[in-house]
Trainee: 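Please find one structure pasted underneath; my questions will follow.
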There are 2 protein chains.
Amino acid sequence: MHRSMAILGTKWKPIVIYMLRERTARFGQLHAAIGSISKKVLTTTLKELEEDGILHRKEFKELPPRVEYSLTERGRTLVPIIIQLAKWDNEHYEHNKKNHPAQKEAAV
Amino acid sequence: MHRSMAILGTKWKPIVIYMLRERTARFGQLHAAIGSISKKVLTTTLKELEEDGILHRKEFKELPPRVEYSLTERGRTLVPIIIQLAKWDNEHYEHNKKNHPAQKEAAV
DNA sequence: CATAATGGTTACTTACAGGTTACCACTTTA
DNA sequence: TAAAGTGGTAACCTGTAAGTAACCATTATG
């Protein structure tokens, strides 16, 4: 439990995994799509997910550089769980826009 | 997504919810069962879960005091998700060590 | 020349979840 | 008289996830 939480229980990791659920994406694409994440935080998020075997980093030796991120097999097993989480969120708070202590920005 | 993570993406909340999945429990019982949690942290964990509508706090006006915690309807909807998370954890870490020594990704 | 584009790094700061320890009120039991 | 049992508070401290802003190397383009 602590381990799955170490992977999912962060601000950005579930979002990154969700974004990669059916297509690979480049660093800049993720950065643009998520919008409010800084490059530094995205970098560490991606690095940690790679270390955990959740995603794969493919670097093309070009100029300007290109790096593509994609889910590993293990990463893909997390997708249904994340979808369930998003669904729960939606069902239980969609109408109830009340003050949640940890709700600081819009849902994703 | 941020909201379900605010509830599940913490150290103790998923554990408390899991413990209450099929029976109510008193403060002291939770404290003893979890073991490594401090009373202060358990108190705030329970208070936040109550504010989020995940569990119900029933105080008996006795001496010595008695307080019983139980999941609300909404709290119960989180149980299957938590079970899935625990299952994922098990399959991808514990299980690997014991029964699947030759997994591809375990080679790293 | 200088700007854009890419995928970062470095240095610094801040917010807050979580932890430690001591203490409280009240009553029963020894 | 004092300890045990209950469900907490109060005061204080710490580690780290996350945020901000500036900078980097390389090449192509206007």
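In what follows, chains carry the letters A, B, and so on, assigned in the order in which the sequence lines appear, proteins first and then strands, with residues in each chain numbered from 1. Atom set for the values below is all heavy atoms of this structure, side chains included, hydrogens, waters and symmetry mates excluded.
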Trainee: Check whether any side-chain heavy atom of B/Arg26 sits under 4.5 Å from a side-chain heavy atom of B/Arg66, and report yes or no.
Mentor: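 Touching, per the 4.5 Å side-chain cut-off.
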
Trainee: If you assign each of A/Ile37 and A/Leu63 to its closest nucleotide in DNA chain D, which residue comes earlier from the 5' end?
Mentor: A/Ile37

Trainee: How do B/Lys13 and B/Pro65 order along DNA chain C: which one's closest nucleotide is nearer the 5' end?
Mentor: B/Lys13

Trainee: Between the base of D/dG8 and the side chain of B/Lys40, is one N or O donor paired with an acceptor at under 3.5 angstrom?
Mentor: no

Trainee: Roughly, in whole Å, what's the span from CD1 in A/Ile15 to P in D/dA18?
Mentor: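 In whole Å, D/dA18 P and A/Ile15 CD1 are 10 Å from each other.
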
Trainee: Mind calculating the distance between CE (B/Met5) and C1' (D/dA18) to the nearest angstrom?
Mentor: 16 Å

Trainee: Within a strict 4.5 Å, meaning less than it, do heavy atoms of the A/Ile17 and A/Leu8 side chains meet?
Mentor: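 A/Ile17 vs A/Leu8: side chains touch.
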
Trainee: From the set D/dG19, C/dG7, D/dG7, return the single nucleotide nearest to any side-chain atom of B/Arg57.
Mentor: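 Looking only at side-chain atoms, B/Arg57 lies closest to D/dG7.
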
Trainee: Quick one: are B/Lys13 and B/Leu49 in side-chain contact, heavy atoms under 4.5 Å?
Mentor: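 A side-chain contact exists here, since the closest heavy-atom pair is under 4.5 Å.
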
Trainee: Mind checking B/Tyr69 for me? I need base, sugar-phosphate or nothing, with any heavy atom below 4.0 Å counting as a touch.
Mentor: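 Touches sugar-phosphate only.
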
Trainee: Taking atom P of C/dT20 as reference, at what distance in whole Å does atom CG of B/Leu42 sit?
Mentor: 14 Å

Trainee: Just call it for B/Thr44: base, sugar-phosphate, or nothing, with non-hydrogen atoms closer than 4.0 Å on any strand.
Mentor: nothing

Trainee: Tell me the interatomic distance from B/Glu48, atom CD, to C/dA17, atom P, rounded to whole angstroms.
Mentor: 7 Å

Trainee: Whole Å only: how far is the NE2 atom of A/His31 from the P atom of D/dG19?
Mentor: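 Rounded to the whole Å, the gap is 11 Å.
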
Trainee: Want to settle it: does B/Thr43 or A/Lys39 sit nearer the 5' end of DNA chain D, counting the closest nucleotide to each?
Mentor: B/Thr43

Trainee: Just how far, in rounded Å, is P of D/dG7 from NZ of B/Lys47?
Mentor: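 One finds 16 Å between P of D/dG7 and NZ of B/Lys47, rounded.
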
Trainee: Would you please confirm or rule out a distance under 4.0 Å between OP1 or OP2 of D/dG7 and any side-chain N or O of B/Arg26?
Mentor: yes

Trainee: For B/Leu71 versus B/Arg76, what's the shortest heavy-atom pair and its separation?
Mentor: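 Distance-wise, the nearest heavy atoms are O-NH2, 3.2 Å.
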
Trainee: Measure CD/A/Glu59 against P/C/dG8 and give the value in whole Å, please.
Mentor: 7 Å

Trainee: A/Thr10 has a side chain; which of D/dT20, C/dG7, D/dA18 sits nearest to it?
Mentor: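 It is D/dA18.
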
Trainee: Is there a side-chain contact between A/Arg66 and the phosphate of D/dT27, meaning an N or O under 4.0 Å from OP1 or OP2?
Mentor: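 No, outside the criterion.
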
Trainee: Using a 4.5 Å cut-off on heavy atoms from C-beta on, say whether the side chain of A/Trp88 contacts that of B/Arg3.
Mentor: no

Trainee: Compare the minimum distances between each of C/dG19, D/dG7, D/dG19 and the side chain of B/Trp12, then state the nucleotide with the smallest one.
Mentor: C/dG19

Trainee: For B/Lys11, which contact category applies under a 4.0 Å heavy-atom criterion: base, sugar-phosphate, or nothing?
Mentor: sugar-phosphate

Trainee: Could you give the CD-to-P distance, from B/Glu62 to D/dG5, as a whole number of Å?
Mentor: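 In whole Å, D/dG5 P lies 17 Å from B/Glu62 CD.
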
